[in-house]
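Notes follow the structure.
Throughout, residue positions are numbered sequentially from 1 according to the sequence presented. Only a predicted model underlies this, so the values are computations on that prediction, with no experimental measurement involved.
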Amino acid sequence: CTGAGYAYWTQTLTIENTVNTGKMDVAFVCDGDEDWDDGYISGNHSDLVTVASDRATDGQTLTFTVGNFYPGAGASLDFVVKNTGTVAAKISDVTGTITNNAALCDAFNFKFNKVKVFYNGIFTREEIIDVAADNVPDLAAGLTDALDDIIIQPGEVLVLVSDGLYINPFDGDVETPGYEILMPSTISGNDFETETTAFSLGLNFTQVN
């Protein structure tokens, strides 16, 4: 008995896989940046109050300093954030941390009004958020609730604004800054004279699927 041998032709199809991951990167935009000439706007409610805002070199921290504050005075800031990465991002939550003189910080009132989003200098959408708080934890919680559904696509700019008195760098509309720190006029006597407080707001971003 003899056996027979069989030969088969064979062929292999191959799928070559290359996957490049994207980058999530958001940063504060500042005066002098090419994509937003006026960066952020700071203002005050009295000529006696001084304000200054400064961005860290890496764009991850924005320092807002208010001087000569007094009962009945207020100071304002527009913060501007750009999605400089390649994936969509949104604020997952906002944290508030008092680092100096909690008693003075808790005496302040805080307000946010609305958010506008721009792409290549063109206004694309607006969200009314209307947050008012009388302490930092409530401010952080209010901002978390207000901002957690706002998605910033790559290249988009998010700016916090409100109705009032500054020149919009894109279309010339007049608005005032939307983030306000207010010292109530009900504070009297020598309460909180010559004191300093400090606190931070952490805007925690996450990528969007």
Side-chain angles (χ1 to χ4, degrees), residues 27-33 36-82 91 94-116 129-144 146-147 157-169 174-204:
F28 288 110
V29 178
C30 184
D31 185 24
D33 290 348
W36 188 293
D37 290 339
D38 290 327
Y40 51 83
I41 308 294
S42 57
N44 55 55
H45 298 191
S46 166
D47 292 339
L48 299 176
V49 175
T50 62
V51 293
S53 39
D54 183 58
R55 182 192 61 171
T57 303
D58 63 3
Q60 300 302 294
T61 304
L62 182 62
T63 302
F64 184 44
T65 304
V66 181
N68 201 40
F69 222 32
Y70 57 85
S76 307
L77 175 74
D78 267 2
F79 72 76
V80 178
V81 175
K82 183 176 183 181
I91 295 176
V94 178
T95 57
T97 305
I98 301 174
T99 55
N100 182 36
N101 199 339
L104 175 56
C105 191
D106 286 340
F108 294 158
N109 294 325
F110 308 90
K111 290 183 178 180
F112 276 81
N113 297 105
K114 63 187 177 185
V115 167
K116 286 188 175 183
I129 60 174
D130 195 21
V131 175
D134 57 9
N135 59 64
V136 170
D138 286 350
L139 173 63
L143 287 173
T144 296
L147 300 174
V157 173
L158 178 150
V159 57
L160 200 59
V161 296
S162 68
D163 297 330
L165 294 172
Y166 92 88
I167 302 300
N168 184 301
V174 178
E175 299 166 338
T176 54
Y179 169 33
E180 296 180 276
I181 303 174
L182 308 166
M183 191 169 188
S185 57
T186 53
I187 295 174
S188 60
N190 297 325
D191 292 348
F192 303 120
E193 280 190 329
T194 65
E195 294 188 23
T196 299
T197 185
F199 69 97
S200 63
L201 293 175
L203 308 176
N204 300 308

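The OG1 atom of Thr95 lies 10.5 Å from the CG atom of Leu139; values are rounded to the nearest 0.5 Å. In this structure, OG1 on Thr63 lies 10.5 Å from CG on Leu77, to the nearest 0.5 angstrom. Put simply, CG on Asn204 and CD1 on Ile91 are 9.0 Å apart, with the number rounded to the nearest 0.5 Å. Here the CG-CG distance, from Leu48 to Asn68, works out to 6.0 Å after rounding to the nearest 0.5 Å. From Phe28, atom CZ reaches atom NZ of Lys82 across 15.5 Å, with rounding to the nearest 0.5 Å. Between the OH atom of Tyr179 and the CG atom of Leu201 there is a distance of 4.5 Å, given to the nearest 0.5 Å.
Closest approach of Gly96 to Ala140, counting heavy atoms only: N-CB, 3.6 Å. In terms of heavy atoms, Ala107 sits closest to Phe192 at CB-CE1, 3.7 Å. Looking at every heavy atom in both residues, Phe64 comes nearest to Ser76 through CZ-O, 3.2 Å. Minimum interatomic distance between Asn101 and Thr196 (heavy atoms only, all atoms of both residues): CB-O, 3.1 Å.
Of the possible polar contacts, none joining the Asn109 side chain to the Pro184 backbone as a donor-acceptor pair under 3.5 Å is found. A side-chain donor-acceptor contact under 3.5 Å links Thr144 to the backbone of Val94. Side chain of Thr97 to main chain of Ser200: no donor-acceptor pair is present (N/O by atom type, distance under 3.5 Å, no hydrogens or angles). Side chain of Asp138 to main chain of Ala133: no donor-acceptor pair is present (N/O by atom type, distance under 3.5 Å, no hydrogens or angles).
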(Q) Using side chain to side chain contact (heavy atoms under 4.5 Å, CB included), reason through Met183 and Leu104 one step at a time and then give a plain yes or no. (A) CA-CA 9 Å; Met183 191 169 188; Leu104 175 56; 4.3 Å; yes

Q | side chain to side chain contact (heavy atoms under 4.5 Å, CB included) assessment of Phe108 paired with Thr197 | A | CA-CA 10 Å; Phe108 294 158; Thr197 185; 3.6 Å; yes

Q: Give the C-alpha distance, both sets of side-chain angles, the deciding distance and a yes or no for side chain to side chain contact (heavy atoms under 4.5 Å, CB included) between Val49 and Phe69.
A: CA-CA 6 Å; Val49 175; Phe69 222 32; 4.2 Å; yes

Q) Stepwise, does the side chain to side chain contact (heavy atoms under 4.5 Å, CB included) test hold for Ile98 with Asp106? A) CA-CA 9 Å; Ile98 301 174; Asp106 286 340; 3.7 Å; yes

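Relative ring orientation between Phe199 and Phe110 is described as perpendicular, the plane-to-plane angle rising above 60° on a 0-90° scale split at 30° and 60°.
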